[in-house]
Amino acid sequence: MAFSDQLIDPKKDPMGAAILDYARTGKAARLRVLSSMFEEDEMPIETLFRSFDEMPAIEQEALRMAKGKILDVGAGSGCHALALQDMGKDVCAVEISPLSVEAMQLRGVKDARLVNMFDARFTEKYDTILMLMNGSGIVGRLENMPMFFDRMREMLNPGGVILMDSSDLKYLYENEDGSVDIDLNGEYYGLVDYEMRYKGVRGGKFDCLYVDFDTLACCAEACGFTATLVKEGEHYDYLCELKIKD
Ligand code: SAH
């Protein structure tokens, strides 16, 4: 979504505003999600504040596997960082939303930083890099994969891994007879454009990538990484482990 050192302007951050409202008061207004591909939808704020027990099994598995120095990328309300702290693990949470960072600090995330993970000035290295709740979304488009893996190579300690979840959106295009309507000459079918609105706050449009496992594994291979399918979820979602090839 945002490469280089870009951060989100708090005046244009609907999701951050909703997260901070909820962190402060336990309530939030409607967070509206718009896309040219779907009917208007709403994101229930409570889901962004899920506890370990409320998390999908693939996220729980990622938290169990996370070890050493852990980086939670695009940490949102800090739900994963807090669960990891409870497990006694060492986690740093990064966000490009100043409002989300404020919410994380309020909620007790010990190391919450306002940092874009693509910012070359951020030079720390990690044993586990977590990208959860469609973590591939931050990559934005398939064309950005080489840049993403280059950056990951800089940020991983020797033997380190990335744990990323995503979904195969193929089911959206499936007919009853099992055939699939996907235009192979068009954009990749997992590319979704979004725009969010909260109270009077409008964010800009952004690309969000949902990547099927085979496509992710091909990109990883081309970029010197190996992808292992760790666990499949209940609805075409999965958790994947990415490692630098020996
Ligand atoms: N992981 C959280 C939130 C996912 S939403 C959860 O599971 O609940 C994705 C988050 O990533 C947003 O809050 C957005 O502000 C943040 N983000 C997007 N691009 C980023 C980047 N380049 N570096 C750090 N955070 C980023």
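Note that ligands are numbered from 1 as they come in the structure, with each ligand's atoms numbered from 1 the same way. Residues take their numbers from the sequence shown, with the count starting at 1.
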**Item:** Salt-bridge criterion met for Arg107 and Glu102 (N-O under 4.0 Å)
**Value:** no
**Request:** With heavy atoms of Asn116 as the reference, note each atom of ligand 1 found under 4.0 Å away.
**Result:** 21 (C), 22 (N), 23 (N)
**Request:** Taking only heavy atoms of Met15 into account, list the atoms of ligand 1 that are under 4.0 Å away from them.
**Result:** 5 (S), 12 (C), 13 (O)
**Message:** What I want to find out is whether Asp127 reaches Lys67 closely enough, with some N-O distance under 4.0 Å, to be called a salt bridge.
**Reply:** no
**Prompt:** Taking atom types as modelled, is there a side-chain donor on Tyr194 or Asp41 under 3.5 Å from an acceptor on the other?
**Reply:** no
**Message:** Side chains of Asn134 and Ser136: any donor to acceptor distance under 3.5 Å?
**Reply:** yes
**Prompt:** Would Asp90 and Lys69 pass as an ion pair if we require N to O under 4.0 Å?
**Reply:** no
**Message:** Quick check on His80 - does any of its heavy atoms sit under 4.0 Å from an atom of ligand 1?
**Reply:** yes
**Item:** Test item, Val115 contacting ligand 1 (heavy atom, 4.0 angstrom)
**Value:** yes
**Prompt:** Looking at ligand 1, does any of its N/O atoms fall within less than 3.5 Å of an N/O of Leu132?
**Reply:** yes
**Message:** Does this structure show an ion pair linking Glu124 with Arg113, if we count only N-O contacts that are shorter than 4.0 Å?
**Reply:** yes
**Prompt:** Within the structure, does Gly74 bring an N/O atom to less than 3.5 angstrom of an N/O atom in ligand 1?
**Reply:** yes
**Request:** Answer with yes or no whether Gln6 contacts ligand 1, where contact means a heavy atom under 4.0 Å from a ligand atom.
**Result:** no
**Request:** Answer yes when Lys125 and Glu154 have at least one side-chain N-carboxylate O distance shorter than 4.0 Å, and no when they do not.
**Result:** no
**Prompt:** Going by distance only, is there an N or O of Ser97 that falls short of 3.5 Å from an N or O of ligand 1?
**Reply:** no
**Message:** Going by the closest heavy atom to atom 23 (N) of ligand 1, which one wins out of Met43, Arg50, Met117?
**Reply:** Met117
**Asked** Can you check side chain to side chain donor-acceptor pair (under 3.5 Å) on Asp237 and Tyr210, steps first, answer last?
**Response** CA-CA 10 Å; Asp237 50 334; Tyr210 294 80; over 6 Å; no
**Item:** Ala75 touching ligand 1 at heavy-atom level, < 4.0 angstrom
**Value:** yes
**Asked** Do Tyr198 and Arg30 come close enough that some side-chain heavy atom pair is under 4.5 Å?
**Response** no
**Complete:** Numbered in order shown, the ligand 1 atoms found under 4.0 Å of a heavy atom of Phe118 are 22 (N)
**Request:** Identify, by atom number and element, the atoms of ligand 1 in contact range of Ile8, meaning under 4.0 Å from any of its heavy atoms.
**Result:** 15 (O)
**Prompt:** Which option, Met133, Arg113, Glu95, owns the non-hydrogen atom nearest atom 14 (C) of ligand 1?
**Reply:** Glu95
